[in-house]
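In what follows, a single structure is set out as structure tokens and then discussed.
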2 protein chains.
Amino acid sequence: MDNLQLSNQVCFPIYSASRLITKAYKPFLDEMGITYPQYLVLMVLWENDQLTVNQITEKLLLNTNTISPLLKRMEKFELIKRTRSAEDERSVIVQLTSKGKRLKDKAKPIPEQLLKILLNDNIELSEVLQLKEMLNHWIEILTENNKNKTA
Amino acid sequence: MDNLQLSNQVCFPIYSASRLITKAYKPFLDEMGITYPQYLVLMVLWENDQLTVNQITEKLLLNTNTISPLLKRMEKFELIKRTRSAEDERSVIVQLTSKGKRLKDKAKPIPEQLLKILLNDNIELSEVLQLKEMLNHWIEILTENNKNKTA
DNA sequence: AGCGATTATATCGTACGCGATACAAATGTA
DNA sequence: TACATTTGTATCGCGTACGATATAATCGCT
């Protein structure tokens, strides 16, 4: 078997699926005026009243050089506000504005609608959950692999 | 269950895994002086002597507005050459240069090394293959879903 | 043959991702 | 208490992604 044949790659399907999923989200997120990465930030803030920039990067597995400008855009759209922490002047605390909080209601039906796209076409819910478990295992390994490199 | 909790999302693991995999490739691709998307283009050209821009977009599920500038960069690095088709002046034929062809040898060990990162940490090969099948199914559905939107 | 519709590619603008770097605040240590 | 080190964010530069738009070549139909 030719390892360098595209059809034999596992990574390419992940790469493609990721882009296609973001695209599937788009019509829903467009209505809210946000992008997929911004949606992720909102999700972690709907779960947590306030987070530092660092805490957000840890939850989303992104770096500050991605998150910082992203948060600035979100602040401009008045979805969040950023404040320097009083205890540690280095930290920036991120909180939702009322506009950001209100978006949660609008976002509620999204996960179900995305699932419907997949489930309607004979994909079993169990399969979806299995996929999630497998990928989470991969992420763990790849995150570890990444740490080893920088250490 | 709260559908808007990050941990309950399936799409987030795909998004994260995709980025982490690209990062895992980086040290290998850096040695060749290319990026992951450029590596994908090389792969389809190692399989096919010549392809039009359109044929590449179909194989990689990317649009011309991504591929066009990408190919231009690859041409500047002398990995490929682009020629207008004689039969159809609209089409651009993409072919590997000798430098592009030579890179195939250097790339040969990459898939195995990537797999090793995953398999070393008690992921079964069967699991990898299963994941691939599942994602290909998803990609089919999501591609279809996308077509319906533009139609 | 003439001409509107389609097709193949390219360009523009915006938003990520990320390696490298910068910088101020906090921490550790002699 | 000085001062090197670490930590938390931000900035820069480059390379994707992608919606919208542009343009030339070809096709289809009369």
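From a predicted model like this one, the values you see are computed outputs, not experimental measurements. Here is how names work: the chains are called A, B, and so on, in the same order as the sequence lines, proteins then strands, and each is numbered from 1.
Across all strands shown, E58(B) has no heavy atoms under 4.0 Å from either base or sugar-phosphate atoms. Contact annotation for T66(B): base contact, defined as any heavy-atom pair under 4.0 Å involving a base atom. If you check every strand for non-hydrogen atoms under 4.0 Å, N65(B) touches a base.
The OG atom of S91(B) sits 11.5 Å away from the CG atom of L51(B) when rounded to the nearest 0.5 Å. Note that the NZ atom of K23(B) and the CG atom of L142(A) stand 10.5 Å from one another [nearest 0.5 Å]. Atom-to-atom distance recorded for I67(B):CD1 and T57(B):OG1 is 7.0 Å, nearest 0.5 angstrom.
Of the side-chain N and O atoms in R73(A), none sit less than 4.0 angstrom from OP1 or OP2 of dA15(C). When the side-chain nitrogen and oxygen atoms of R19(B) are compared with OP1 and OP2 of dT16(D), none of them lie within a distance under 4.0 Å. Between S91(A) and dT9(D), a side-chain N or O to OP1/OP2 separation shorter than 4.0 Å is present. For dT11(C), one of the phosphate oxygens OP1 or OP2 lies less than 4.0 angstrom from a side-chain nitrogen or oxygen of K72(B).
Within residues 30-56 of chain B, the residues that place at least one heavy atom under 4.0 Å from DNA chain C are, in residue-number order, T52(B), V53(B), N54(B).
Atom CG in L62(B) sits about 16 Å away from atom C1' in dA10(C), given to the nearest Å. Rounded to whole Å, atom P of dA15(C) lies 15 Å from atom CD of E75(A). For the pair L60(B) CG and dT16(D) P, the interatomic distance rounds to 12 Å; values are reported in whole Å. The interatomic distance linking K23(A) (NZ) with dT16(D) (P) rounds to 17 Å, in whole Å. Atom CD1 of I93(B) is separated from atom P of dA8(C) by 13 Å (rounded to the nearest Å). We find that CD of E87(B) is positioned 18 Å from C1' of dA24(D), with the value rounded to whole Å. What separates CG of L71(A) from P of dG17(C) is a distance of 13 Å, to the nearest Å. Rounding to whole angstrom units, CG of residue L29(A) and C1' of dA15(C) are separated by 14 Å.
Each of F77(A) and R90(A) has a nearest nucleotide on DNA chain C; the 5'-most of these lies closest to F77(A). Heavy-atom nearest nucleotides on DNA chain D were determined for L70(B) and for K26(A), and the one closer to the 5' end corresponds to L70(B). Each of I67(A) and T64(B) has a nearest nucleotide on DNA chain D; the 5'-most of these lies closest to I67(A).
A ring-centre distance under 6.0 Å is not found for Y39(B) and F28(B).
If you check dG19(D), dA25(D), dC18(C) against the side chain of N63(B), the one that comes closest is dG19(D). Nearest to the side chain of R84(A), among dT9(C), dA25(D), dT9(D), sits dT9(D). When each of dA26(C), dC18(D), dA10(D) is scored by its nearest atom to the side-chain atoms of S68(A), the top-ranked nucleotide is dA10(D).
In this structure, D49(A) places its CG atom where only 12 or fewer heavy-atom neighbours from other residues, nucleotides or ligands lie under 6.0 Å away.
Salt bridge absent: E89(B) and R84(B) never bring a charged side-chain N and a carboxylate O closer than 4.0 Å. Under 4.0 Å is where a charged nitrogen must lie from a carboxylate oxygen, and between E78(B) and K99(B) no such pair does.
Seen from the ring of Y15(B), R19(B) counts as a face-on cation partner, given the 6.0 Å and 45° thresholds.
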